[in-house]
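Both counts, for ligands and for their atoms, begin at 1 and track the order of listing. Here the structure is a predicted model, which means the values were calculated and not measured.
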Amino acid sequence: MKCVVLIESVTKLLRFCKKRIMINFVSFIYRTKIVTKESRRMLGMNLKKLPKHSILVIAIVTTWIKTYITYQTSFDMKIENAMQQFILIINPLAFLLFIYGISLFFKTAKVRNRYMITVSIILSIVNYGNVAFYRFFNDFITLPVLFQTSNFSDLGNSAGSSMYWTDIFYFTDVVLLILAVKFLPVAKEATVVKLNMRRTYFVLSFAMLFLNLGLAETERPQLLTRSFDRELLVKNIGTYNYQLYDIFIQSKSHAQRVLADGSELTDVTNYVKSNQGENNKKTFGVAKKRNVIIVSLESTQNFVINNKVNGQEITPFLNKLSKDKDTFYFDNFYHQTGLGKTSDAEFIIENSLYGTGRGAVFFTNSGNTFDSMAEKLNGNGYYTSVLHANNKSFWNRDMMYQALKIKHFYDVDSYHVTDANSANWGLKDIPYMDQSVNIMKTMPQPFYTRMITLSNHFPFTSDPEDQFIKPYTSDDNTVNRYFQTERYTDEAIKELFTDLKKAGLYDNSIIVMYGDHYGISENHNKAMAQYLGKDSITPFDSAQLQKVPFFIHIPHSGVGKQMHEVAGQMDVRPTVLHLLGVDTKNDLQMGTDLFSKDHKDFVTFRDGRFVTDKLVYAGEVCYDKKNGEKTDLSKCQPYIDQSNKKLEYSDKIINGDLLRFYDNETGKAK
Ligand code: GP9
Ligand code: MN
């Protein structure tokens, strides 16, 4: 009923607007002096009073239209289908209904109008701020960026040059609202707006919000928990909601940071020092001054290595490599990522610290001080970069890479991406390898570059010409396809090696490769059990399935072999840096050099599960690793305690931003 009334009011208002508002506004604009009370009376003489709350409707509709026009004209958002377009149209609405609707709580029309004008001005500033920022950074504003001084000066310098007089458009809604308040005859609400009316109104705005989030979730599952790409967020929830979301995330981590003072460092430092191993003299510096190429193998789990589907090898190239004399292949190596997936893996590789348990650390703590592998290598004469053919704001990489002191990010704009050479998530891995090696040729040497593959990403779709093996046969198409895209990525790695040889870069480089995280989640246990020839996948099996491959290929070294130590992504940083002859004894890192005799067969996952050479702890049950049988919890207890400690110290470093107080030259607090 209330809904019908509201719709009727809007229709009446629109009809009225068509006939009358233009007359008023046009006459206003063409008059040389401000319209006097008298002329206003004359103009309004024939007008019937507009329905109550017309100003509210005008405020919402004008800001809504302006915001949508801004999306279309000022941001480069790729809209792929009608549903995305629809979400884009409706996404400002819930927020606008809510924020302007607060005016319904004020008692007089005067206060209500003032409130709405103020909101309209603030929203216009936020909207325009994003436009100006986007012109320069090709990205949306996030709070830490505003407070990064380097950005400030960049912004300051560019502000003038990226503002035009036509930008007045971004304030049209404010102007229209002020004019409407001043000149439109609106029927007055006698007292404060009725409770029933308010209730209906807010139920409507929340319904709008749920509709928006529901549609966004079907378009992009786990949008708010996982996909921290600002473009995707804005596309789905709109600029205003995004800005609120950003404030929420940033203030949470800011509060923890403010409370830290560096006194926690003593415990953390002692813990880390007691876990650092002796360097292995044989391998330390074995790859000194070589270029370092670290490849993130999207969704590659270890069970595909040296394994077959339909009688065919899944990863023939990696299989050969696993037995190569120049390659260390670790077959008991686990990923340690959380919600941040690929970005968590990157974070661990760079810092040998855990991501946060509450989201992607790339997003929550991109303002922190770090002591990344890139920063260490910058200091050792390396040119540092990342090569990844995706939108730079995905996983907040553009911001986090600055904090990690990565010198250059070759993002999607550095690549030639066409419909023909892309599938699934974007540029296919084979052309990605070709183009990346071309970029490497232009880099000063020695360089450290990280590559991130994409083709083997969920939902594992590919073009027929890229399917080198037949799919698996089960009633789970995700699992069936996974083998094909994995096979394709293997071919891309082969291409990388060939390209590096052709480019003359192979001999003086080392190539490190790791699986970033699982590809097949527990939702696909049935098909996985079928493939692995098991009755079912137990928590013990699931923990074992977190194994990802890890390769270190050192051309012409002859030192390679298969390594069976229980290890994890945390160990990559110290292992690689030591191979390059860069010491890490004072660094606050959670991993140890895998070539050190002090390395322990013990890996803790982000969620507290762990694996040792004898035990697996998962789902709060202790398992005997040999046979997967449940065993006495007391056997796991010492490792549970150590795991908790490790996670706690790592979290302390990140949440308190403790590295800002730490001097890794001296190994002491600053
Ligand atoms: C996106 C790619 C995939 O750039 O790294 O991220 P994921 O969804 O696997 O975390
Ligand atoms: Mn990934």
At less than 4.0 angstrom from any non-hydrogen atom of Trp425, what atoms of ligand 1 do you find? 1 (C), 3 (C), 8 (O)
What atoms of ligand 1 come closer than 4.0 angstrom to any heavy atom of Glu298? 3 (C), 9 (O)
Applying side chain to side chain donor-acceptor pair (under 3.5 Å), run through Thr327 and Asp324 and close with a yes or a no. CA-CA 5 Å; Thr327 306; Asp324 175 85; 3.0 Å; yes
Selected option - heavy-atom contact closest to atom 6 (O) of ligand 1, from Thr342, Thr337, Asp516: Thr342
State the atoms of ligand 1, each with its element, that fall below the 4.0 Å cut-off from a heavy-atom position in His388. 1 (C), 2 (C), 4 (O), 5 (O)
Relative to the ring of His517, is the ring of His335 parallel (under 30°), tilted (30 to 60°) or perpendicular (over 60°)? perpendicular
Ring centre gap for Phe140 and Tyr134 strictly below 6.0 Å: yes
If the cut-off is 4.0 Å to any non-hydrogen atom of Phe394, which atoms of ligand 1 fall inside it? 1 (C), 4 (O)
Could you tell me whether a side-chain N or O of Glu298 sits under 3.5 Å from a main-chain N or O of His457, the two making a donor and an acceptor? no
Distance-only side-chain donor-acceptor flag, Glu231 / Ser393, under 3.5 Å: no
Just distances here: any N/O of Arg397 and N/O of ligand 1 closer than 3.5 Å? yes
Side chain to side chain contact (heavy atoms under 4.5 Å, CB included) with Leu545: which of Ile520, Asn302, Leu532? Leu532
Over-ring placement of Lys470 relative to Phe483, 6.0 Å and 45° cut-offs: no
Could you tell me whether Lys646 sits above the aromatic face of Phe602, with NZ or CZ closer than 6.0 angstrom to the six-membered ring centre and within 45 degrees of the axis? yes
Take the angle between the ring planes of Phe460 and Phe458 and call it parallel below 30°, perpendicular above 60°, tilted in between. perpendicular
The atoms of ligand 1 lying under 4.0 Å from a heavy atom of His517, numbered in the order shown, are 9 (O)
Keeping waters out of it, list the protein N, O or S atoms under 2.8 Å from the Mn ion (ligand 2). Glu298 OE1, Glu298 OE2, Thr342 OG1, Asp516 OD2, His517 NE2
Once you measure the plane-to-plane angle for Phe409 and Tyr401, does it fall in the parallel (<30°), tilted (30-60°) or perpendicular (>60°) bin? perpendicular
Under the side-chain contact (heavy atoms from CB on, under 4.5 Å) test, which residues partner Asn644, sequence neighbours left out? Ile640
Of the choices Asn456, Ile452, Asp344, Asn390, which has the non-hydrogen atom that lies closest to atom 1 (C) of ligand 1? Asn390
By number and element, which atoms of ligand 1 are closer than 4.0 Å to a non-hydrogen atom of Leu454? 2 (C)
Quick one: look at Phe458 and ligand 1, take heavy-atom pairs under 4.0 Å, and tell me if it's side chain, backbone, both or neither. neither
